Amino acid sequence: MENNPLVIGGRSFRSRLLVGTGKFPSSRSMVEAINASGSDIVTVALRRVDLADPGDDIMSALDPERYLILPNTSGARDAEEAVRLARISRAAGCEPWVKLEVTPDPHYLLPDPVETLKAAEILVKDGFTVLPYINADPVLAKRLEDVGTATVMPLGAPIGTNRGLKTRDSIQIIIEQATVPVIVDAGLGAPSHAAEAMELGADGVLVNTAIAVAGDPAAMAQAFKLGVEAGRLAFISGLGGLRWKAEASSPLTGFLRRAES
Amino acid sequence: MENNPLVIGGRSFRSRLLVGTGKFPSSRSMVEAINASGSDIVTVALRRVDLADPGDDIMSALDPERYLILPNTSGARDAEEAVRLARISRAAGCEPWVKLEVTPDPHYLLPDPVETLKAAEILVKDGFTVLPYINADPVLAKRLEDVGTATVMPLGAPIGTNRGLKTRDSIQIIIEQATVPVIVDAGLGAPSHAAEAMELGADGVLVNTAIAVAGDPAAMAQAFKLGVEAGRLAFISGLGGLRWKAEASSPLTGFLRRAES
Amino acid sequence: MENNPLVIGGRSFRSRLLVGTGKFPSSRSMVEAINASGSDIVTVALRRVDLADPGDDIMSALDPERYLILPNTSGARDAEEAVRLARISRAAGCEPWVKLEVTPDPHYLLPDPVETLKAAEILVKDGFTVLPYINADPVLAKRLEDVGTATVMPLGAPIGTNRGLKTRDSIQIIIEQATVPVIVDAGLGAPSHAAEAMELGADGVLVNTAIAVAGDPAAMAQAFKLGVEAGRLAFISGLGGLRWKAEASSPLTGFLRRAES
Amino acid sequence: MENNPLVIGGRSFRSRLLVGTGKFPSSRSMVEAINASGSDIVTVALRRVDLADPGDDIMSALDPERYLILPNTSGARDAEEAVRLARISRAAGCEPWVKLEVTPDPHYLLPDPVETLKAAEILVKDGFTVLPYINADPVLAKRLEDVGTATVMPLGAPIGTNRGLKTRDSIQIIIEQATVPVIVDAGLGAPSHAAEAMELGADGVLVNTAIAVAGDPAAMAQAFKLGVEAGRLAFISGLGGLRWKAEASSPLTGFLRRAES
Amino acid sequence: MNITIQLNGRDHPISGSISVLELLRTLDVNPGSVVVERNRSILERDTLDQVTLQQGDEVELIRFVGGG
Amino acid sequence: MNITIQLNGRDHPISGSISVLELLRTLDVNPGSVVVERNRSILERDTLDQVTLQQGDEVELIRFVGGG
Amino acid sequence: MNITIQLNGRDHPISGSISVLELLRTLDVNPGSVVVERNRSILERDTLDQVTLQQGDEVELIRFVGGG
Amino acid sequence: MNITIQLNGRDHPISGSISVLELLRTLDVNPGSVVVERNRSILERDTLDQVTLQQGDEVELIRFVGGG
């Protein structure tokens with residue numbers, strides 16, 4: 001198998017690691033981490049201007065020539081709010097791409113399958129390239145494909161938990177059945193988690209918290225970059241199967257003993 | 001934390017990935033894989049000359065200037081056989097280093113703790129730098145340290161099974177208590193497994209089967225190289241802790257709704 | 001905490017183990033297994049009469065006085081087919097209860113969240129007590145509750161795989177948030193899996209394949225009965241928390257040694 | 001397979017659950033829990049008399065007619081101390097049975113393989129029926145068998161951690177190779193863990209902390225009793241294998257649709 | 001004269017226009033153990049003898065089987 | 001005379017009927033870095049000076065922030 | 001005259017040379033519920049009154065407690 | 001006259017008493033790539049021509065192979 005670039009919505013990307021911009025200690029550490037990650041796609045959120053501090057503006061720190069700025073709809077509790085947010089980002093000058101998030105539950109921030117599907121349908125018709133964040137639900141993934149989303153983004157674990165690929169079995173089914181890229185999003189807390197997802201055949205992963213809250217965000221971003229490349233390379237190089245009994249890595253010819261005759 | 005080199009027996013190594021030379025489809029693919037792995041330490045085994053094919057000689061393919069050739073004692077069923085094998089490799093011109101393996105059981109090739117300790121004591125006294133292959137047994141690891149082994153090499157799973165870090169909890173205890181380098185050996189079947197071991201704080205990993213039996217051994221060797229670097233870098237960059245509830249990566253200020261007053 | 005009976009749709013049941021009637025080697029082994037399971041709720045499916053063998057009739061083997069016969073809608077690929085099947089079972093004289101299954105994918109038989117919610121809404125309005133089979137999706141579970149289903153039945157793993165509680169984390173969230181009984185359905189392959197679900201606080205489990213394909217179905221049914229009771233009892237007795245370091249079960253006073261003074 | 005009684009050292013026991021007596025809130029709750037557990041074998045420890053409270057005596061609470069009192073050697077840090085403790089219990093009037101524990105490390109209380117084997121050899125020669133507590137080390141288990149121990153007691157996780165069967169793979173190998181009963185000891189924190197061990201084919205389990213620290217020790221003891229019976233019964237009833245794809249528990253004949261002709 | 005109905009998804013010829021109950025008899029199906037759907041609507045058991053089958057009727061004979 | 005609009009979900013009094021652009025100036029908000037929604041419809045940037053705020057208008061000032 | 005023994009790992013003065021049984025009495029320890037080790041050898045219960053303690057004797061009084 | 005040695009665990013007849021080096025030559029084994037053990041003791045390479053094989057000698061010819 002060849003190592004093709006990641007293609008989403010007809011557009012080709014070198015890196016298979018997408019990074020988020022939340023929770024960084026500073027705008028500078030964010031930029032250093034993004035650069036270290038080698039990422040081509042960077043997510044941002046929309047919020048009301050803080051009238052007490054109207055100056056702050058993340059876009060000034062991000063170079064739209066270097067990365068695709070991918071707005072998410074975080075904060076939306078239903079389809080209508082999500083659609084509204086997507087349109088606002090487009091109006092703000094972003095390309096018509098959106099990471100669709102509909103999360104009514106504030107505790108686990110898990111996505112609503114019904115509202116997500118409804119919003120996806122509207123946004124696709126409206127000309128958006130839609131990347132929906134979903135639970136690891138293979139049937140929902142197929143339905144989103146059917147309405148024309150550009151990817152599916154199943155979660156590994158709830159956002160920000162660093163718990164890893166807890167949904168491994170379902171992700172594997174989604175990958176097997178999907179005809180659009182599968183980007184594992186949320187819950188990946190270590191490079192080994194990202195590598196595991198890529199080894200399963202995921203087309204990419206999105207990481208934010210694990211990088212932003214690390215002791216050294218830039219170094220952790222590079223660690224995830226390496227982990228994603230390691231997992232991808234292993235996937236296309238053909239991993240060996242699991243065995244139950246041992247298989248000697250050193251030859252097991254009878255040795256230093258009298259031959260049985 | 002800094003990314004120091006790996007130091008074993010007073011000798012310093014850049015790479016934290018050790019590779020074995022068994023099971024490769026050809027001598028050439030073996031050499032390509034070793035080079036792609038970036039490894040500084042390469043293990044070999046001893047066997048009786050095959051009188052039907054006396055020509056074949058692995059050493060001609062390995063450059064002792066580039067790697068430390070580390071002979072193992074695979075095939076040994078007790079301490080005496082292991083000691084004998086170690087001395088033979090030294091007589092053959094190898095440096096006095098040995099990967100100590102004592103595996104009486106041919107089905108799972110699991111190490112014998114008592115014979116391994118006995119052999120380690122003899123070989124250390126005899127001037128060898130001893131790297132013992134052991135089950136993930138924290139108390140045995142301390143005892144081996146006490147008799148002067150240069151590392152401990154606990155297994156992740158039985159040799160050649162590709163099952164990964166099944167002994168994770170015990171490995172974590174060994175790492176916490178060890179004062180010599182901990183090299184995870186055996187059973188690591190994918191780069192994510194190697195990365196996981198390094199994220200726990202292992203000092204290195206040894207891989208053979210997963211690389212040798214891969215569809216493309218050289219590419220898989222590079223994948224493991226990246227996985228080990230990813231895990232090491234994550235370890236020294238300070239991984240975030242696990243959480244149960246979600247932690248928003250996008251800010252959760254009340255949004256697009258009438259403020260509750 | 002007390003061990004209350006399981007209450008579904010205002011009706012009270014002694015047993016927290018629901019059993020299915022598919023795949024048994026014979027009608028007799030099915031009946032023996034149901035009795036050994038102590039179950040109060042038994043699921044059945046609807047199919048076209050086999051005109052080649054019109055005689056066979058499962059209902060003759062099941063005593064509606066002893067168990068609640070719970071028809072499922074297996075085979076339905078969308079909401080409309082599911083609703084139609086539910087109405088047929090009611091017409092056939094069953095009580096207006098239904099285990100709602102909408103599974104468009106024939107390979108993994110995973111449920112469709114959107115169609116399941118749609119069918120649930122219709123059937124609840126139509127006076128049915130609805131027990132929907134769903135993926136382990138906490139948000140979907142809440143939405144089903146909101147339209148008035150009597151339970152939610154998240155899967156542990158795909159039907160018939162015996163893989164166990166692979167969705168453990170999500171099930172735990174569903175249990176935490178649910179106000180209707182949570183019955184874990186599908187994939188539970190061993191009594192330990194059933195016990196694990198009950199220890200998490202599930203209100204019940206449904207088992208079919210693991211019992212029906214066992215070497216001795218009646219004995220396996222009893223094993224699951226014991227497993228469910230064990231897990232339930234442990235849940236209400238207050239399980240201890242996990243620890244990382246050891247905690248001596250024997251006192252650790254200084255012992256048989258000279259006291260340090 | 002039949003459900004034979006557990007036979008250890010030529011003696012037959014009805015129950016496959018062994019219980020410890022440490023950490024109970026009161027002597028009374030201990031006795032209630034032991035009775036609820038249905039156990040035939042109860043472990044105790046030896047300690048110096050507390051001269052400040054010389055009255056307290058656990059033996060007065062335990063009826064040697066009902067249970068085999070099994071003294072352990074907890075606290076021993078080497079073979080010599082363990083042997084000495086075993087002999088003291090025999091001198092105190094106990095039968096010559098001993099649960100052999102040699103745990104030099106106070107943090108994780110993990111057993112020393114070398115000292116345990118040494119002590120086992122001495123005690124067997126001395127006429128003891130020896131039940132050694134060991135790490136889940138298949139080769140060590142065989143060596144203990146070879147010197148004549150009556151069982152092997154591999155740990156599931158460190159004592160008192162409630163972490164469950166973390167050593168599952170190694171336990172499975174031990175069970176496959178053992179010719180003496182395998183009793184899983186330490187770390188089992190819930191009935192599902194005990195059931196899992198029995199489903200693998202373990203001959204019994206020993207539980208202390210999980211029962212003693214439960215909110216309701218007697219109820220938890222009964223829960224473990226049920227879990228052990230569930231797992232045993234499942235093991236002898238023949239568990240079905242795992243599958244990856246779904247296997248319908250309801251028949252999948254084409255349904256309610258026009259037949260493709 | 002003969003007519004053809006669709007029975008359980010397949011064409012099924014019957015001789016003249018008979019009642020559903022008669023159909024069941026010819027098929028050896030016990031009316032008490034099945035549900036009959038005709039053109040998507042469910043027939044009450046006690047009406048089976050009064051319903052006469054027409055050319056092109058879609059008839060489903062359904063019963064319970066083992067399921068999970 | 002004063003009017004009150006709803007700004008980012010809270011009542012906000014303004015003196016007389018000013019344009020949206022003037023509102024931003026008084027708030028110290030750079031028009032280039034925000035999106036303005038008025039009564040649920042998005043305003044083109046180059047129209048901000050032509051839109052005069054009315055009593056009861058719902059105005060949202062939105063911008064990008066870090067997010068995952 | 002007084003002597004000192006080592007009792008359960010600590011120095012313990014006793015008045016004159018008494019028997020082990022007398023020691024237990026003074027300590028309020030029921031002989032039936034303990035094992036007595038003297039200089040690493042276990043004493044039979046029925047000999048406790050015949051063994052007289054000497055200066056420097058190492059005595060261990062041991063009993064069963066709850067354990068796993 | 002012929003003698004028999006044990007070579008790599010099997011009986012191996014050789015004609016007359018030859019040196020180990022001569023044995024290797026007859027076997028086509030390059031002395032530089034193997035280790036020779038005779039009766040459990042390792043022979044230095046430069047002594048191979050001086051060691052003459054005796055009836056019953058146990059000879060092991062060992063070399064490195066791929067291993068993990």
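Proteins get letters first, then strands, A, B, ... in listed order; numbering begins at 1 in each. Predicted model, so just to flag it, every value in this text is computed and none were measured.
Residues of residues 111-120 of chain A that come closer than 4.5 Å to chain C, counting heavy atoms only, are A:P111, A:D112, A:P113, A:V114, A:E115, A:L117, ordered by residue number. Within residues 129-143 of chain A, the residues having any heavy atom under 4.5 Å from a heavy atom of chain C are, by residue number, A:N135, A:A136, A:D137, A:P138, A:V139, A:L140, A:R143.
A side-chain donor-acceptor contact under 3.5 Å links C:E81 to the backbone of C:R77. In this structure a side-chain-to-backbone donor-acceptor pair under 3.5 Å is missing from A:D126 to A:F128. With hydrogens and angles ignored, the 3.5 Å screen pairs no side-chain donor or acceptor of C:T103 with any backbone N or O of C:D105.
Between the side chains of C:S74 and C:R47, at least one donor-acceptor pair of N or O atoms lies under 3.5 Å. Donor-acceptor pairing under 3.5 Å is recorded for the side chains of C:E145 and C:T179.
Here C:D146 pairs with nothing under the salt bridge (charged side-chain N to carboxylate O under 4.0 Å, His left out) rule; sequence neighbours left out.
Within the 4.5 Å cutoff, the side chain of C:F224 has no heavy atoms near those of the C:S37 side chain. Residues A:T151 and A:M153 are in side-chain contact: their nearest non-hydrogen atoms beyond the backbone lie under 4.5 Å apart.
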N/O donor-acceptor pairs under 3.5 Å from side chains in residues 203-215 of chain A, not counting sequence neighbours:
unit_1	atom_1	unit_2	atom_2	d
A:D203	OD2	A:V182	N	2.8
A:T209	OG1	A:K23	NZ	2.8

